[in-house]
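Worksheet: one structure, shown below.
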Amino acid sequence: MKYKPADHIQDLQYFGEFGGVNPSISDSSTYTFLSAKTMFDTFEGNADGCYLYSRHSSPSNLYLGEALAAMEGTETANVAASGMGAITSAILQLCKAGDHIVSSRTIYGGTYAFLKNFTPGFNIQTSFVDITKLDVVEAAITKDTKVIFCESVSNPLLEVADIAGLSKIAKKHGLVLIVDNTFSPLSITPGELGADVILHSLTKFINGSSDTVGGVTCGTQDFINALRSVNDGANMLLGPTMDSMRSASILKNMRTLHIRMKQHSKNAMFLAHKFQEDGFRTVYPGLPSHPSHELYKTMMNPDYGFGGMLTIDVGSIDKANELMELMQERNLGYLAVSLGFYKTLFSAPGSSTSSEIPLEEQKEMGLSDGLIRFSIGLDNDIERTYQMMRKCMKEVGLLKTEHA
Ligand code: PLP
């Protein structure tokens, strides 16, 4: 039976301090102890249930972490102030000077820049590979490799990683498989497929209201303890700590994630079919034309569909900009980076979220400058939205008028 992530979230029960249906927010950076000995024991990590200082952990962050661990089916989780806070800490926890990483070459531009430009300063090198080719991934492993890094569904090209296949390779070579699951929460459960560490930018679908940044690392208790260690834990020492007020608000939004994901997926599937029929080169994992459509089907939790992200290629950056500006003017969505909002968001990744990737590498990986990335919204009547988008496409000369 497939994993049922939303049911695991549903099964959690919280009570607030005064019996509230939401847990109380821990509005404190530091915590008192009735005895000095308990404070010492807490520092040593031996006083379960006691809080010390909110950079280490706080009740509100633990509640949110518990829900995210339930969603991903991991022992536990640690929330962070942003997706990058979670990603950079997890990588720096696992890799030290002299170590090597094998990473997918199509990943979020910020993660790419971190691995390409930042970590080499600490003598951590990364080989970027086509993650869909397992033989290429295995061939890139060296004696210094510690980590394989990928996104379940990649930003922005929507390449799909064969997580079970990658996990086999990781286990064979004693490596840690880190999967960024930001694009496919609920739809894919990487831990069930053998991933060791699962990361999310909570900024996107999970929070869903584009009002905060946030991140999470899901994994074993041992790994999360290591991240939180007061002596050498990357999350504790680098300090990407989420504020309690924010974690409380994200937890409340998470309760509707399953309903939102179903609607994002339904709307994206509808538009992907229509755009493809209209003759646009359309990439969406739910389309049979997607090279990894069959693979996605074997990995997915079918209740939640193929996700809310799709791309179309309109041929040039000028056409892309013209179309996006017109769609925004007609209130069909926002010309904005990020994803997972109730409104559709669109951007041209080559000149925005992936601009950290040099032009020749963008070309090599198939990131053309006319590519528009859509995060499809929760529109009630997607047929109506499509008709309005189609009108915009005609007005900018991307569709012939006689097909009206
Ligand atoms: N991972 C992916 C796949 C992303 O798309 C992003 C942001 O766009 C991040 C990580 C970084 O997350 P944040 O902006 O919350 O730091």
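All residue numbers refer to positions in the sequence shown, counting from 1. This one's a predicted model, so the numbers in the text were calculated from it and none came from an experiment. All ligand and atom numbering here is 1-based and tracks the order in the structure.
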Does [X] pair with [Y] as a salt bridge, N-O distance under 4.0 Å?
X: Lys262; Y: Asp303; result: no
X: Lys133; Y: Asp130; result: yes
X: Glu395; Y: Arg330; result: yes
X: Lys319; Y: Glu322; result: yes

message = Is the shortest side-chain heavy-atom distance between Met299 and Ile163 below 4.5 Å?
response =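 Answer yes - side chains close enough.
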Q. Around ligand 1, what residues show up once you keep those with a heavy atom under 4.0 Å from it?
A.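 Under the 4.0 Å cut-off, ligand 1 touches Ser82, Gly83, Met84, Ile87, Tyr108, Glu151, Asn155, Asp180, Thr182, Phe183, Ser201, Thr203, Lys204, Gly214.
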Less than 3.5 Å apart, which donor and acceptor atoms pair up between the side chains of residues 352-359 and the rest of the protein, not counting sequence neighbours?
unit_1 : atom_1 : unit_2 : atom_2 : d
Ser352 : OG     : Ala348 : O      : 2.9
Ser355 : OG     : Ser352 : O      : 2.8

